[in-house]
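Below: one structure, written as structure tokens.
Reminder, nothing fancy here: chain letters follow the sequence lines and each chain counts from 1. Hydrogens, waters and symmetry mates are skipped; everything else that's a heavy atom, side chains included, is used.
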2 protein chains.
Amino acid sequence: MGVTLKEVAALAGVSRSAVSRTFTPGASVSAKTRAKVEKAAKELGYSPNALASSLTTGRTKLIGLISNNFHNPIFLEVFDQFTRALQERGLRPLIVNLTDETEPANSVRMLRQYSVDAVIVASSTLPPSFAKAFHDAGVPVVHTFGRSATSPEVHVVGIDNVECGRMAARELVSRGYASVGYLGGPIDATSARDRQRGFTEEMANHPHVPVSHSFAGAYSFEAGRAEMLRLLAGDPAQAYFCGDDILSIGALSALADHGLKPGSDIGIIGLNDMEMSRWEYINLTTIHQPIKQIITASVDLVEEMLKTPDRYPEARIFPCRVIERGTLRPRP
Amino acid sequence: MGVTLKEVAALAGVSRSAVSRTFTPGASVSAKTRAKVEKAAKELGYSPNALASSLTTGRTKLIGLISNNFHNPIFLEVFDQFTRALQERGLRPLIVNLTDETEPANSVRMLRQYSVDAVIVASSTLPPSFAKAFHDAGVPVVHTFGRSATSPEVHVVGIDNVECGRMAARELVSRGYASVGYLGGPIDATSARDRQRGFTEEMANHPHVPVSHSFAGAYSFEAGRAEMLRLLAGDPAQAYFCGDDILSIGALSALADHGLKPGSDIGIIGLNDMEMSRWEYINLTTIHQPIKQIITASVDLVEEMLKTPDRYPEARIFPCRVIERGTLRPRP
DNA sequence: AAAAATGGTGCAATCGGTTGCAAGGCATTT
DNA sequence: AAATGCCTTGCAACCGATTGCACCATTTTT
């Protein structure tokens, strides 16, 4: 089916090496042979077989992109950015959907079979052991949206979740809410626990304000809604820090059920600042996570690992900031 | 870095062929050698290099998954389903993000370089020429969410957009709306035009009901909102068929700006029935598109093409149905 | 004009597998 | 006991590329 090097070489009347070199940037070919080869290649519609060349070069330009987060709308933006950033640099994303998978072994084997040059673990809910498993198998890895503290062995890119928790707490306190709650993602996700920790730490400076905690079953609309409905059935706090915009939006829908107006009746602050949060009738006050910078940095790091395989592991942490919209009451 | 066939053969004390055959289902190996090889393989942590074997077998199990639709939340579901369906069958999705790309040539070359076994074009806005380009390059292709009429050369899986247009028109008429409008996606998308055609055809049976048409710039929230704001500034119809749920949701947000209640003040019916449309405070009446069936059928078709490369092209069209929620007024 | 440096080219080995073919081993048949 | 057939195995060629090395033709230096 495909045209091969050999056929081009035959048509151009040169050796296979010459053809190979024509398509290898930086190789030594004279203008004359290059012209002959390019003419023949165009005529035949030749393009080099990347997989065959990977055999000798040891590079496939394939990057494993693994995630388990296909229900949070923020991941539309994440996938869009990742796929574009990778292909802009001539790298190809090989997607692995890890939903319902708890064991790294399978994906490690699978991605090694395809000789990926590196792996990006894009998830805040996969345990650090996943990234670690790739590292141990000798595959360069960066954990995007990962936790820096517990994985000093792999590259991590993301935000300081503890600091975000503090930031949310400060914001709620500054609005004068008399009781606050944390409504986090799944309790086994490091991101959910770190955000809680920061929130609790900061609230400890305000002992007169009671703090409650709860965790939704997933980072999803339904989980956020269900958890907020449960809270509303009891004795809810005056304001909540939801661990993710999608939880916030679920919570907002629960408030609507009870005829409560976000902001004035119950305050909500989210985290992520995804596109949807800007929608007029959601209009969520939230902590902006710089997705674009995080993804660019992740891909940068991938490229650098390809150049320097034994690169010393590093955490790239980006600051977040509060985006004020309509779901918190004004400062007194 | 990786363990090779040769090393396993050496350790097991057999030829390379024996090792290869042990890992090739259906090859002839005695129980004894198989045992020796498997022991050695486990000891070394060997797993075969899929790319190297593709050289001789001509199969990579790589499937190009190309789309330009990273702003419509329905694609979260689409990507989730596609990646899972593919990997369940031992196939690997290689994603190509075609946003802002108008020329098929690049992606064709790129995917041929990686010797993908087949390509899935998952988009209702990419012109048929994309799928066609892969077909012409000798790459098996299925166009999911494609238009069956104009691409008899490639496999198409999806819905009958014209019929959906009719269905929407019938629904609006049955609710007794005295004027109706079509608010479609980008005018160069076949899906937008086909839905319009069906809508117009059906409305022709009701000449007393005036019909208007407009097209949003994209299948996106912002585009739907902007277009509806424009309509509201003039003399809006009593009900609209929006060519996609995401347009509907944008339109709903525009209604909210004007203090209009969907259903009673202005009717909206969408198309897709994405997860979000079920959210309580969206609660969109819409036409359900059977995403799961469409994707399963697409992957089935891919598998069948791998077995029978010269398969006669075929269209698999799935019926849709109206899901009644809260954005149309009740039947009189 | 001779010697040295430079740049271009082809040969052949190699990457990690697969597979057609022929030979060997063993059990079954006559 | 010889002949037949079936399995199993290893050899060696091949898949489509890359690359170290040696060789050759130029050009530059002296």
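Rounding to whole angstrom units, CZ of residue B/R112 and C1' of D/dG16 are separated by 14 Å. For the pair B/K32 NZ and D/dT8 P, the computed distance is 11 Å after rounding to whole Å. Distance B/L5 CG to D/dC14 P: 19 Å, rounded to the nearest Å. B/L55 has its CG atom 13 Å from the C1' atom of D/dT18, to the nearest Å. Atom CG of A/L51 is separated from atom C1' of D/dA17 by 11 Å (rounded to the nearest Å). Summarising the geometry, the separation between OH on A/Y114 and P on C/dG17 is reported as 13 Å, rounded to the nearest angstrom. Look at CG on A/N49: it is 18 Å from P on C/dC15, rounded to the nearest Å. Per the geometry, NZ belonging to A/K6 stands 15 Å off P belonging to D/dT18, to the nearest Å.
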Walk me through whether A/F79 and A/F70 qualify under ring-ring contact (aromatic ring centres under 6.0 Å, His included). CA-CA 10 Å; A/F79 286 133; A/F70 288 80; 5.2 Å; yes
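You'll find a donor-acceptor pair under 3.5 Å spanning the side chain of A/R21 and the base of C/dG10, going by distance alone. Judged by atom type and distance alone, B/R16 reaches the base of C/dG17 through a side-chain donor-acceptor pair under 3.5 Å. Put simply, the side chain of B/S17 and the base of D/dC11 share a donor and an acceptor less than 3.5 Å apart. No N or O donor and acceptor, one from the side chain of A/R34 and one from the base of C/dG8, sit under 3.5 Å apart.
The phosphate of D/dT19 (OP1 or OP2) has no side-chain N or O of A/T24 nearer than 4.0 angstrom. For D/dA17, one of the phosphate oxygens OP1 or OP2 lies less than 4.0 angstrom from a side-chain nitrogen or oxygen of A/Y46. Using a 4.0 Å cut-off, no side-chain N or O of B/S28 falls inside it from OP1 or OP2 of D/dC7. Contact check, B/T56 against C/dG16: no side-chain N or O comes under 4.0 Å of OP1 or OP2. Of the side-chain N and O atoms in A/T57, none sit less than 4.0 angstrom from OP1 or OP2 of D/dT18. Between A/S15 and the phosphate of C/dG10, there is a side-chain N or O to OP1/OP2 separation shorter than 4.0 Å. Close to C/dT9, at under 4.0 Å from its OP1 or OP2, lies a side-chain N or O of A/S30.
For the pair B/A52 and B/T33, nearest-nucleotide mapping onto DNA chain D gives the more 5' position to B/T33.
For A/K61, the NZ atom is loosely surrounded, since the number of other residues' heavy atoms within 6.0 Å does not exceed 12.
Looking at heavy-atom distances under 4.0 Å, B/V29 makes contact with sugar-phosphate atoms alone, never a base. At the heavy-atom level, B/S54 lies nowhere under 4.0 Å from the strands shown.
In this structure, A/R92 does not pair ionically with A/D117, as no charged nitrogen and carboxylate oxygen lie closer than 4.0 Å. Ion pairing between B/K292 and B/D80 fails under the 4.0 Å rule for side-chain N and carboxylate O. A/E303 has no carboxylate O lying under 4.0 Å from a charged side-chain N of A/K307, or vice versa, which leaves the two without a salt bridge.
Between the B/Q87 side chain and the A/N97 main chain, a donor and an acceptor come within less than 3.5 Å of each other.
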